[in-house]
There are 2 protein chains.
Amino acid sequence: MSRMGMSSNDHQPKQQKPSLSRERVVAAAIAILDGEGENALTFRALAKSLSTGSGAIYWHVADKRTLLAAATEHVLSEAIAQSGRGTHPADAVRDVALGVFDVIEAHPWVGTELAREPWQPAMTTLFEKISAGFDAMGVPRSALFYCGSALVQYLLGFAAQAAAAARHDFQSQDRTEVLTTLVARWTQGEPADYPYVHLLADELRSHDEREAFLAGLDLILAGARNLQG
Amino acid sequence: MSRMGMSSNDHQPKQQKPSLSRERVVAAAIAILDGEGENALTFRALAKSLSTGSGAIYWHVADKRTLLAAATEHVLSEAIAQSGRGTHPADAVRDVALGVFDVIEAHPWVGTELAREPWQPAMTTLFEKISAGFDAMGVPRSALFYCGSALVQYLLGFAAQAAAAARHDFQSQDRTEVLTTLVARWTQGEPADYPYVHLLADELRSHDEREAFLAGLDLILAGARNLQG
DNA sequence: ACATGACTGGAACAGTGTTCCAATCTCCTG
DNA sequence: CAGGAGATTGGAACACTGTTCCAGTCATGT
């Protein structure tokens, strides 16, 4: 277990190899997650990337779960903190949600981690911001919690779905092939039994992820606006 | 790899131990998942529960991923197939969503699996039903796909969150303790910096899961109704 | 009867997160 | 400035996974 306390690793005199630190470990983990995918992050790979052993890593980080949480927090917190701009309250909420969207598009493993462990610290900040937005939109106090929860769950659902898609893309290196396979499974049933699925299959293949995300978001925002008064 | 084809295991003469089959393997897996939690499902535990070895299991099931998918499909498909009742179209959609809700409450591991692999076969049926509902509600064709996707993602988000909560409950055997810990982390920031989080902390502790689920659902339904015309 | 192929059980393998510990390195103190 | 105490390191070892392999067994059709 890592010991919290006075660590003195702020001076690497000449061209000594820089001493390990929690930040360096987290940064290396993020680099592996981004560059080689979620499955590539093992303590052995991490140790090699840092030219050390797994024991040394465990001195700075309790276990893999907290390492993943720290990595998620690192990329999420800044994005969320800087988001929330917008003249209208609804725009501010949209901006926060889009901040999360962009982070997940850039780092799909964040989606996996969010889907497994939704209540990361950064999510508290997110809940604060969107609650403020809903309040400014005129949502009554009694419904604020439900609105915030609903939006968070919508975000989590997108996170899960985007992360799963990215995992599949990563394996086959070919997004269109993955989509074709998905559409094929999608349209496996008889058109007579699944008319809407067949009707909308084209859209599944060609839809723009961000546009769909925003459309779903606007559904929730419109529903929230509807609670005014 | 398991061989598909003519399998002849439909007769166990007297009181012979019944022969293995894909269905029996899946049923045993579900029993372990329900009774002892997600982490308890290992091929060794499964083999012991079926009084056999792991090799025999692999004859009937390709790997753990497909086993989990089959288990999920088993509990999800029936619930979804039987759902969708309701005089008004919106009620039918609500009924489908509540079907998924109930399955996840009864088998939280379904939430984990759905969050990891959203496009199970049963989800196609679900998409079909909710698309039909949205259509009957008067949502224009051009928005049908977005509405369906949004609702699916909301469901996935609930699935992820409920599964994570259930995992924590399982570890500490004490729901209120888990909630207290969560609220504590939740209210860690300064009240001045996180006014809404502190304002709504009580609701986080005491809210009814089903009520919150339905409230969020109604947000989306209201948003969809708003697209009429 | 017996050969063929479906099926079984469990040993062996590769890879994981985690623990343990002897060695080192740093810094404070006598 | 010597040297000890504690912080930090690296890598071997451990326990546990999913998965593969394979020598057997069983059932059945000829």
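To find a chain, count down the sequence lines: A is the first, B the second, and so on, and within it residues start at 1. Hydrogens, waters and symmetry mates play no part in the numbers below; they use all other heavy atoms, side chains included.
- Of the residues in residues 36-43 of chain B, those lying under 4.0 Å from DNA chain D by heavy-atom distance are B/Leu41, B/Thr42, B/Phe43.
- With hydrogens and angles ignored, no donor-acceptor pair closer than 3.5 Å exists between the side chain of A/Arg44 and the base of C/dG15.
- Side-chain atoms of A/Ser54 lie closest to D/dA12 of the nucleotides D/dT8, D/dA12, D/dG10.
- Between the CZ atom of A/Arg22 and the C1' atom of D/dT8 there is a distance of 16 Å, rounded to whole Å.
- With contacts defined as side-chain heavy-atom distances shorter than 4.5 Å, the pair B/Leu67/B/Ile57 does not qualify.
- Per the geometry, CG belonging to A/Leu50 stands 9 Å off P belonging to D/dG10, to the nearest Å.
- The salt bridge (charged side-chain N to carboxylate O under 4.0 Å, His left out) analysis of residues 188-202 of chain A, with sequence neighbours excluded, yields the pairs A/Asp202-A/Arg205.
- Side-chain N or O atoms of A/Lys129 include one that pairs as donor or acceptor with a backbone N or O of A/Ile80 at under 3.5 Å.
- Side-chain contact check for A/Phe158 versus B/Leu156: every heavy-atom pair is 4.5 Å or farther apart.
- Remark: P of C/dC7 and CZ of B/Arg24 are 14 Å apart, rounded to the nearest angstrom.
- Although no hydrogens or angles enter the test, the distance criterion places a donor-acceptor pair under 3.5 Å between the side chain of A/His207 and the main chain of A/Glu203.
- For A/His60, counting side-chain heavy atoms from C-beta on, the closest listed nucleotide (C/dT18, D/dT9, D/dG18) is D/dT9.
- To the nearest angstrom, P of C/dC20 lies 18 Å from CD1 of A/Ile57.
- Between B/Tyr58 atom OH and D/dC22 atom C1' the separation is 16 Å, expressed in whole Å.
- Here the side chain of B/Lys64 is nearest to one of D/dT9, D/dG18, C/dT8, namely D/dG18.
- Applying the salt bridge (charged side-chain N to carboxylate O under 4.0 Å, His left out) rule to pairs touching residues 102-124 of chain A yields A/Asp102-A/Arg210, sequence neighbours excluded.
- Note on ring orientation: taking the six-membered ring where Trp is involved, the planes of A/Phe213 and A/Phe101 are tilted (angle from 30° to 60°).
- Look at CH2 on B/Trp59: it is 6 Å from P on C/dC7, rounded to the nearest Å.
- Annotation: of the two residues near DNA chain D, A/Thr52 and B/Arg65, the 5′-most nearest-nucleotide partner is A/Thr52.
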